[in-house]
Every structure is written in C-alpha cells, then in structure tokens.
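Input: a single structure, listed below in structure tokens.
None of these values were measured; they are calculated from a predicted model. Each residue takes its place number in the sequence, starting with 1.
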Amino acid sequence: MVNQSSDDSVITYLRQQKLMLLELSLLMLSIIILALEWGNYAYYQIGMAFLLGVIVLLASWHLIRQYYIEKDLSQQRQKFIAREVADAALQGQNKLLAFLHETAMDIMSRQDVVNLLETIVKKAAEITGASTGSVLLFNEERTERVRVVATGPATQMVGSRNPIDEGAAGKVWTTGKLVLINNYKKWEHRSFPAAEVAESVIYFPLKSAKEVVGVIGLWHTDAGRCFGDQDIEIIEQFAGLASIAYENAYLYREAQREISERRYTEELLQYRGFHDVMTGLYNRTYFEEEMQRLDKRREGAVGLIMLDVDGLKLINDSLGHARGDNLLKSAAQILLECFPDNDVVSRIGGDEFAVLISPADTEILDQAVERIRTKTREFNHSQSQFLISLSVGCALAESNAISMRELYKQADNNMYREKLHQRKSSRSTIVQTVMELLKARDYITEGHGDRLQKIVFEMGNLLGLSSRTISDLRLFAQFHDVGKVGIPDRILLKPGPLNPEEKIEMQQHSEIGYRIAQSAPELLPIADWILKHHEWWNGRGYPLGLSGEEIPLECRILAIADAYDAMISDRPYRKAMSHAAAVKELQAYSGRQFDPSLVGIFVNIYGDRA
C-alpha cells in the first residue's frame, strides 16, 4: 500500500509538470512567432532552444510515465496471480477439509473393526494417490505384525507376517512416528514383501489409548512416484482421525462383547434355572411351576405321564456313571421324539421323567404311551451296547376338580405298579447286557464259562453238594467276574503286569460285581460269593482278608477252577500253560491261595488228564 501511494504521487506530480511545460511551450511559441514578426533573431533562437528543452522534458515525462504504467501493470498482474494461487490453495484446502470431513464421518460410523480398517486403508490410498495400502496389526505377544486388510496389489499379501521391528513399519512401532522413504528399493533396511513392488512408502501409526497397536502403510508402485510434504501433512491429519475411529470401534466392539456375554450369561442362567443340564429337558422347578399354573385353570383336561429308567443304579455301579448318564440322555431323546414342543417334557429326579399334556384325553394318553414303547423298542433294536427299559404310568384329570397333586400321585402309583410288574425281566435284561459287554471287550474267552461250570459241577458232585447248590455254583461260575465290566480296558487288557495302583483298581471288581448281583434278583443268592471269590486260604486275598474256612466253600471251589482255566488259556500278558504245568502250579499254591483238601480233590479228578 505504501509503494502504490508513492507511485500515484509521482504520476500526479508529473501530470502537473506536464501542464506547466505545455503552458510554457505555448508562451515560448508565441514569443518565437513575435520574434519572427519583429525580425529579432536572438529572441527566436532563445525561444527555439527553450521549445526544444520543453520537447525533451515532455519526452522524458512520457518515458517516466510509461515506466510507472508498466510497473503498475506488473504489480497488478502479480497481485492477480497471487490471488489465483491463494484461491487455488484455498479451494484445495477446502476440498481436503471436505474430504477429511467426509472420511471422518464415514470411518466414525464404522462399528465393525475389520470393515473400519478396510475403509481407512482405502481412504488413505485415495487421498494420497497411493496405488496400494495395508493395515498391519500386532499379535498379543508383540513379536509379529500381521497384514490383516489391504487394497490394490497388497491384497494378495493379506495374512503375511513379519517381525514387529523389521523394516519401515518396524520404525513406526519403535518410534510411534510417521516414516517416509522415497526410492525405497535402494533403502538398505527394506523388508519383504514391500521390497518387491514398492517404489516409495509411507507408514504411520494406528493408536489406541496413546499406544501403537498397528501400522498403516501406503506404497507407490510406479517408477518415479514419490510422497511429498503435502502428503505428509494430509497423512498426519488422517492418522489422528483413523486412530480415534479405531479406538471408538474397538471400544464399541468390547462393549458389544460385554453386553453379549452378559446377555448370554443371563439367558444361560435363565435356561439353567428351568432346564436340566444333562438332558436339556425342563427341570423339576419348571415342572412344579407348570403344575401350579395348570392347577389354576378354569377348564380343560390335563394328562400326566410318569416314567422311570429301570436299572439305572445297576448301570452306574457296573458300567460307571458316565454310561448311566448316556442312558439318561438316550431316554430323554426318546421322549423328545415322542412329544411336540407344547407338551412339557421334564426330568424331575435322578431316573424319573414326567410329561404334562394339555389338553388331553384317554386316547391321547394311550397313543403317547404307545409312542414311547415303540421308540424304546426301535432304540434297543438299533444298538447292543446297553438297552433301555422304561416303566410308564399315566393319569388323566378331566376337570379342575382333581388337583395336580392328586393327578401326580395317581400317575406315580401307576408307574410304580408297572415297575414292580416288570422288575425281574428288566433287570435280567440289564445283567445279560453287562455280560455281553464283557464278551464284546474280548475279556471272556470263548468257552471259559462253560469249562468253569463243568469243573465246579464235577467237584460239587464229588463233595456231595445239593442239586440247588450245584445249580448256584454253575451260575456263580458264569457271573463271578461280572464286576470287571466296570474296570477300564487299559487295566483289564494290559499286556504286562499291573503296577500297584492298577492292582488296587482291578481288585475293585469284586465289590462292583457284588453291587450288580444285589440289584438283580436272579443273582442275589450268589452276591456274597462274588464279593469273596478272590479271598486266599492264608488270608492274603481281597477284599476282606478272610482265611481258611471263613471263605465260603463255593468260593474255594471256584478259585481252583478259575485259576486252572486261566493258566491253560492265553492271556494278554502271556501264553497258555500246559495241563501238567497248571496242575503243578495249583499244588505249589496249595495251603497258601487254595484250600489243600480241594486241590487234592481237583488233582484226583483231573490230574491224569492230558
């Protein structure tokens, strides 16, 4: 403004001088004309000289004026150019701000972390003109970085891993600051895979809670392309937005996860509050609530079916609780297949189930019971590992005059009536199933039971035992090792000698067999023998440490027969012995493991046999 005012003053002053010179020129021209008229040559010369001087001054004034005009035009031109540059810069800045605002709105609205990272790298590549870009996140141990998302050629590298401190991205990890490397292929610390394709790179940190959690990398892959100062300025602003958006998305994800976990926990608690954990059926609590609700009904008939899994205790004692649990799960599955969702199928006790049906009538209940029986038969026919036997009882309340408690009592009584009716057959089936399982595990060798029955029969006859005792002896010979069904295969079929811990576990089969026999009426007479059949004559046996004639005679007879047949049969840990060697072994343990008098009787019967 000062220079412009000074130039204007000079031009104004020159204009005043020009007017004055023009006036003087007119005056001198008049003098020259008068001098010519008067013939005065001296005045003429003076006037011409003065006139020439004025002309020179006017020419000088014109040149000076032209200079200032050109100077003024140059200044105006410079101002115009500067204004255009400023306008262009302002438009570029406005465009950048608009892009950053649009990008900020876009990435801030992304709540899915992966989707957010994809958006960040695409926007970063777009704003800088980079041909490809990647987001690298660190593993939990902070030893590696993993390329999780990418755009452009780097998409083929997603999943690649590098040491966390390697290359340009590693410098971002260690310094927490932006790293720019143009002419990247000549950089000595370049790392794979960027080294193969990148001409220039720029990496900047992705932060959460002021901690570097990842790195965003942009590459120019065209020869000669570089990142400039403006790119750095843009990226520095963009990096802040990206970090804020990432932290927000991460916090949102964590909040959603916490909400989901809390909701899941609440739903799980609610589910477990009304469901049996093992079978997935409704539990006793839900069943009782439904009973109370139906007690308040104004009309409509309600049916109740009570069920009991037969022989569950026997299965638990002989095969273990895991097998018993499987039995309960199978029973629950049978019931689920028999009833629609609107019927309330519940497990109300250890081996008890109940089904509430509303509305109901006699035909509906009869059809439901028949479905249960049919499905049970189909299940038992489809497998041979263990059979399911269900005792079923039902009752119908045709109006609310009969309380739900009374209905429950009627159905329960009907169920127990059936249970008593079929107890013997169901337990016999289970005992046979246990024996079949022993055979399936290849423990009971072919003919073992038959050979034992023959030996005890002959010894019993020679001792003059009653026919009933001999009959029980033969049953004992068949079922004495029934408890071994509860012993793990790793012990039962071990090819070598058992260690002390395994021996203790193996010895439990006598007690397991005793519990099984007590649960089956047809085995009850031999239950005590099953418990004591591993007692030794000298008191060194198990489980009670009995000695001599404290041991039942039947157990002393079976001990000799079982030992003899075991010695002449192949076992997982040894080959069969000869008859002579087996007899010699029995005589060697006479008075220690075996009753001496009974060993003598055995030798008299079998000693001379080949």
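Listed by chain and number, the residues in a salt bridge (Lys or Arg N to Asp or Glu O under 4.0 Å) with Glu549 amount to none (sequence neighbours excluded). Shown here are the salt bridge (Lys or Arg N to Asp or Glu O under 4.0 Å) partners of Arg297, two or more places apart in sequence or in another chain: there are none. For Ala588, there are no side-chain contact (heavy atoms from CB on, under 4.5 Å) partners, not counting sequence neighbours. Applying the ring pair (Phe, Tyr, Trp, His ring centres under 6.0 Å) test to Phe457 and every residue at least two apart in sequence or in another chain returns nothing. Residues meeting the salt bridge (Lys or Arg N to Asp or Glu O under 4.0 Å) test with Glu502, sequence neighbours left out: Lys494. Ser403 is linked by a side-chain contact (heavy atoms from CB on, under 4.5 Å) to Asp295, Arg405, Glu406, counting only residues two or more places apart in sequence or in another chain. For Arg347, the salt bridge (Lys or Arg N to Asp or Glu O under 4.0 Å) partners two or more places apart in sequence, or in a different chain, are Asp276. Partners of Trp173 according to the ring pair (Phe, Tyr, Trp, His ring centres under 6.0 Å) rule, which considers only residues two or more places apart in sequence or in another chain, are Phe138. Residues satisfying the side-chain contact (heavy atoms from CB on, under 4.5 Å) criterion with Ile364, sequence neighbours excluded, are Ile357, Asp361.
In this structure, Arg284 fails the cation-pi test against Phe274, since its NZ or CZ atom is not both closer than 6.0 Å to the six-membered ring centre and inside 45 degrees of the ring normal.
The aromatic rings of Tyr286 and Tyr282 lie parallel to each other, their planes meeting at an angle below 30°, with 60° marking the opposite boundary.
For residues 505-526, every residue pair satisfying the ring-ring contact (aromatic ring centres under 6.0 Å, His included) rule, not counting sequence neighbours, is listed here: His509-His533, His509-His534. Listed by first and then second residue, the ring-ring contact (aromatic ring centres under 6.0 Å, His included) pairs that reach into residues 347-367 come to none, sequence neighbours excluded.
For the residue pair Arg417 / Asn414, a side-chain donor-acceptor distance below 3.5 Å is found, with atom types taken as modelled.
With respect to the salt-bridge test (charged N to carboxylate O, under 4.0 angstrom), the residues Asp528 and Lys532 qualify.
Contact detail for Ala354 and Leu304: the closest heavy-atom pair is CB-CD1, 4.2 Å.
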Under 3.5 Å donor-acceptor pairs involving side-chain atoms of residues 554-562, not counting sequence neighbours:
residue: Arg556; atom: NE; partner: Ile551; partner atom: O; Å: 3.0
residue: Arg556; atom: NH1; partner: Asp595; partner atom: OD2; Å: 2.7
residue: Arg556; atom: NH2; partner: Ile551; partner atom: O; Å: 3.4

